[in-house]
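Note: hydrogens, waters and symmetry copies are ignored here, and every other heavy atom, side chains too, is used. Just so you know, residue 1 is the first one in the sequence shown, and it goes up from there.
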Amino acid sequence: MKKIFIILVFILAATGISAQQDSTFNDFQKKAKQDFDNYLKQAEKDFSDYRDKENAKYEAFLRKSWEEFNAFDAIPIPPSPEPITPPTVKPEVKPTADPIPYAEIVPVPKLVVPPKPFHPIPPPVKQPVKRQTLDFPFFGSECKVSLEPKQKITLSDLSNNSIANAWKQLSGSAYNALINDCLSLRDELKTGDWGYYQLVKKMSETHYRTASNEATLLQMYILTQSGYKVRIAKTNNRLTLLIPFRQSIFEYSYLQIAGMKYYVMDRSLKGSTFHVCDHEFPREQFFSLQLDAQPDFDIVPTTPKTFTTERNPQIRASVATNQNLIDFYNTYPPMSEWNLHVRASLSTTVKSSLYPALKTGIAGKTQTEAANILLDFVQHAFKYQTDNQQFGYERPLFADETFFYPASDCEDRSILF
């Protein structure tokens with residue numbers, strides 16, 4: 001009995017110590033969480049204050065005199081000498097290890113990291129906030145952003161004060177959720193920088209139901225808060241965005257500002273003189289036309305086409321691509337750096353039907369044999385036409401486009417290979 005009593009005393013004492021330790025640990029956890037929450041709130045406040053300060057600077061700059069610039073005419077797409085089409089000769093003997101012809105290695109561009117947003121991190125939402133949303137289609141994908149019908153700025157004219165007053169209205173916290181939603185769509189749809197500009201443009205013009213000056217200013221606001229380098233200009237009572245790209249593009253007029261080309265995004269503007277608000281935002285980054293992933297749009301399959309060659313008939317693939325992706329590629333500005341098309345890769349739509357056929361066709365082959373079979377496929381499974389013959393101008397194709405258009409030329413097949 002005495003032993004049982006001693007054991008009970010020991011258990012009770014140990015339980016008391018354990019309870020005291022649990023209480024101490026819980027208190028520590030609560031304090032640590034409170035300290036971290038306080039840190040986040042202070043960091044958010046500091047960044048929000050910093051953002052408000054920078055937007056206030058921009059508002060003040062908008063009220064000042066805008067600098068005048070003369071526009072340079074758009075650089076036309078340069079003609080590219082096309083190689084003489086070789087005669088087609090049906091081989092009498094099927095070789096098994098042809099040497100691979102030498103081709104210049106095209107450098108693959110480095111990965112471009114999207115800009116970081118220039119806006120405060122939203123606080124945790126304890127209860128769902130009911131917001132009205134703006135729904136709009138974007139290359140077949142239904143998009144939704146936090147934007148109420150009443151959230152509209154109005155420009156009575158294009159005086160500096162009128163534009164600055166509208167900017168002040170946009171800089172309020174009411175538009176923070178909209179910026180977050182736009183950035184989320186950029187990541188979800190894998191739009192890249194060019195696609196993000198197109199998405200913001202589509203959203204703003206849906207909200208205002210027109211390509212208005214108000215829509216352009218909203219685009220400017222969202223892009224600057226998203227971390228992009230962009231300027232706004234006015235000419236002939238119209239606002240337009242000026243965007244500098246990491247790459248050179250054709251068919252867009254441009255202004256030369258601080259040694260950089262800023263392209264006029266509204267191609268309908270024919271004015272030669274622009275008044276520009278040339279004010280930088282902190283850590284602003286250039287737009288890039290590079291695509292580091294294939295955009296993830298809803299799929300509308302194109303009509304399938306069958307691809308094979310006389311030399312390797314064991315490869316026979318019926319391939320369709322995504323019409324929404326083709327439509328998106330059609331918006332891309334013409335550029336000389338066609339090596340950027342390489343990173344975009346093939347769509348999952350094409351890969352799902354093409355890759356099994358290719359794998360079957362090279363099964364059991366040596367590496368050299370397999371490479372030559374694939375080289376034969378990209379060289380002979382497609383009708384050849386120069387870009388001038390097919391489009392009337394030089395136009396390198398994204399890999400998916402090679403399966404969509406009636407014909408392709410040398411650089412298109414290099415990209416696909």
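- Partners of Glu401 according to the salt bridge (charged side-chain N to carboxylate O under 4.0 Å, His left out) rule, which considers only residues two or more places apart in sequence or in another chain, are Arg395.
- Scored by the salt bridge (charged side-chain N to carboxylate O under 4.0 Å, His left out) test, Lys150 finds Glu148 as partners (sequence neighbours excluded).
- Shortest non-hydrogen contact noted between Ser226 and Tyr196 is OG-OH, 2.8 Å.
- Not counting sequence neighbours, Lys359 has no partner by the side chain to side chain donor-acceptor pair (under 3.5 Å) test.
- Considering only residues two or more places apart in sequence or on other chains, Ala211 meets the side-chain contact (heavy atoms from CB on, under 4.5 Å) condition with Glu205.
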Mind listing the side-chain donor-acceptor pairs of residues 319-327 below 3.5 Å, one per line with the distance, residues two or more places apart or on another chain?
residue, atom, partner, partner atom, Å
Thr321, OG1, Asp400, OD2, 2.3
Asn322, OD1, Val300, N, 3.0
Asn322, OD1, Asn324, N, 3.1
Asn322, ND2, Asp298, O, 3.1
Gln323, NE2, Asp327, OD1, 3.0
Asn324, ND2, Phe139, O, 3.4
Asn324, ND2, Asp298, O, 2.6

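- Note on residues 254-269: pairs passing salt bridge (charged side-chain N to carboxylate O under 4.0 Å, His left out), not counting sequence neighbours, are Arg238-Asp266.
- Applying the salt bridge (charged side-chain N to carboxylate O under 4.0 Å, His left out) test to Asp296 and every residue at least two apart in sequence or in another chain returns nothing.
- In this structure, the side-chain contact (heavy atoms from CB on, under 4.5 Å) partners of Asp278, at least two apart in sequence or on a different chain, are Arg231, Ile257, Val276.
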Name each donor-acceptor pair under 3.5 Å that joins a side chain in residues 241-250 to protein atoms two or more places apart or in another chain, with its distance.
residue, atom, partner, partner atom, Å
Gln247, OE1, Leu289, N, 2.9
Gln247, NE2, Ser288, OG, 3.4

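- Every residue was checked against the salt bridge (charged side-chain N to carboxylate O under 4.0 Å, His left out) condition with Lys64, not counting sequence neighbours, and none meets it.
- In this view, Ser345 and Lys351 satisfy the side chain to side chain donor-acceptor pair (under 3.5 Å) rule, not counting sequence neighbours.
- For Tyr221, the side chain to side chain donor-acceptor pair (under 3.5 Å) criterion is met by Arg51, not counting sequence neighbours.
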